[in-house]
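What follows is a short report on a single structure.
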Amino acid sequence: MNGGEWIMYNKEVVMEMKSNHWKLLKFYDDWVELIDLYLIEEQIPHNLLSHLSSYFITRFHKSKIALRLLLVSGFCDEAYSVLRMMVEYTITLKFIIKNPEERVFQFIDDTGLVREDEQNSDILTMANETKMQYWFNSVYMPYSSCMYPHLSTDLGELFLPAGPVPFNADDMLTKSCHLAAIILGCALETNPNDNELSKTMKNKLDLLLVDMNGVYAF
């Protein structure tokens with residue numbers, strides 16, 4: 001397959017994925033826009049907890065954009081790896097918020113930078129404490145629905161295609177939007193500002209949750 005054929009093949013996959021998931025992708029984009037609004041417009045208080053919250057939601061936001069690109073391009077396994085990072089960001093932030101006085105300094109070094117070595121140090125323990133075991137299991141346990149959406153005992157189906165292919169991305173799309181609701185709720189919890197934008201954010205969050213519950217099945 002030469003370069004021109006590869007590009008055309010990839011375009012066909014993207015067209016099919018967008019056509020098959022257009023409704024879920026619309027909701028997905030609504031969540032991305034809501035995180036955009038928070039990161040660009042919200043006044044973040046000048047304290048360490050808010051600094052950490054902003055850090056994790058920014059990382060989550062970048063991963064959510066990357067996940068969409070991988071999903072619509074037909075890269076299932078690669079998208080799963082990004083979803084796992086999104087789960088880790090969400091669990092970690094929820095864990096910090098439960099005891100910020102002690103845990104903020106566990107994740108920030110003396111220079112004020114986030115300690116990379118402390119992230120993911122014990123995700124299972126943090127998941128248990130924050131009641132996020134479902135999310136841990138969905139991306140870490142063998143043969144979870146996200147990790148192996150097309151698992152089969154047919155030996156002929158164990159060979160992976162050499163390139164992107166269309167697949168059912170409903171599960172990863174829905175899980176990532178539910179995670180967005182959780183981490184946005186955490187971010188708003190760490191921000192005591194009761195200004196007009198915060199109220200707008202909370203109203204939009206509530207409306208999206210209502211719409212999401214009408215479309216998604218968790």
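Along the sequence shown, residues carry numbers from 1.
- Residues Val165 and Val13 are not in side-chain contact: their nearest non-hydrogen atoms beyond the backbone lie 4.5 Å or more apart.
- Counting only heavy atoms from C-beta outward, the side chains of Phe105 and Leu48 approach each other to under 4.5 Å.
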From CA spacing to verdict: side chain to side chain contact (heavy atoms under 4.5 Å, CB included), Arg68, Asp29: CA-CA 9 Å; Arg68 189 190 194 284; Asp29 293 341; 2.7 Å; yes
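- Of all non-hydrogen atoms in Ala180 and Lys64, the two that sit nearest each other are CB-CE, 4.2 Å.
- Hydrophobic cluster membership differs between Met15 and Met17, with clusters built from Ile, Leu, Val, Met, Phe, Trp and Tyr side chains linked at under 4.5 angstrom.
- Summarising the geometry of Ala187 relative to Ser53, their closest heavy-atom pair is CA-OG, 3.4 Å, with the distance given to 0.1 Å.
- You'll find the side chain of Asn168 reaches within 4.5 Å of the side chain of His21, heavy atoms only.
- Distance check: Leu70 CG to Tyr80 OH gives 14.0 Å after rounding to the nearest 0.5 Å.
- Between Thr174 and Asp171 the shortest heavy-atom distance is OG1-O, 2.9 Å.
- Qualifying side-chain hydrogen bond (donor to acceptor under 3.5 Å, both in side chains) partners for Asn128, counting only residues two or more places apart in sequence or in other chains: none.
- Of the inter-residue distances, the one linking Leu34 atom CG with Leu39 atom CG reads 10.0 Å to the nearest 0.5 angstrom.
- Listed by chain and residue number, nothing satisfies the side-chain hydrogen bond (donor to acceptor under 3.5 Å, both in side chains) test with Thr90 (two or more places apart in sequence, or in another chain).
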Chi angles and distances behind the side chain to side chain contact (heavy atoms under 4.5 Å, CB included) call for Met172, Phe167: CA-CA 11 Å; Met172 277 191 271; Phe167 66 97; 4.0 Å; yes
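- Using a distance-only test at 3.5 Å, with no hydrogens or angles considered, a donor-acceptor pair links the side chain of Ser63 to the main chain of Arg59.
- Between the Ser19 side chain and the Glu16 main chain, no donor and acceptor come within less than 3.5 Å of each other.
- Between the side chain of Tyr89 and the backbone N or O of Tyr55 there is no donor-acceptor pair closer than 3.5 Å.
- In terms of heavy-atom proximity, Val87 sits nearest to Phe136 at CG1-N, 4.4 Å.
- Here the straight-line distance linking atom OG of Ser73 with atom NZ of Lys18 works out to 8.5 Å at 0.5 Å rounding.
- Across Ile40, Thr58, Ile57, a single residue satisfies side chain to side chain contact (heavy atoms under 4.5 Å, CB included) together with Ile35, and that is Ile57.
- For the atom pair CG of Leu71 and CG of Leu173, the computed distance is 5.0 Å after rounding to the nearest 0.5 Å.
- In this structure a side-chain-to-backbone donor-acceptor pair under 3.5 Å is missing from Arg103 to Lys98.
- At a threshold of 4.5 Å between non-hydrogen side-chain atoms, the residues Leu93 and Phe60 do not count as touching.
- Under the 4.5 Å side-chain criterion, counting only non-hydrogen atoms from C-beta, Lys175 is not in contact with Val139.
- Between the CZ atom of Phe56 and the CD atom of Glu88 there is a distance of 10.0 Å, given to the nearest 0.5 Å.
- Proximity of Trp135 to Ile182: side-chain heavy atoms (C-beta onward) are separated by under 4.5 Å at one or more points.
- A distance of 9.0 Å separates CE of Met85 from CG of Leu67, quoted to the nearest 0.5 Å.
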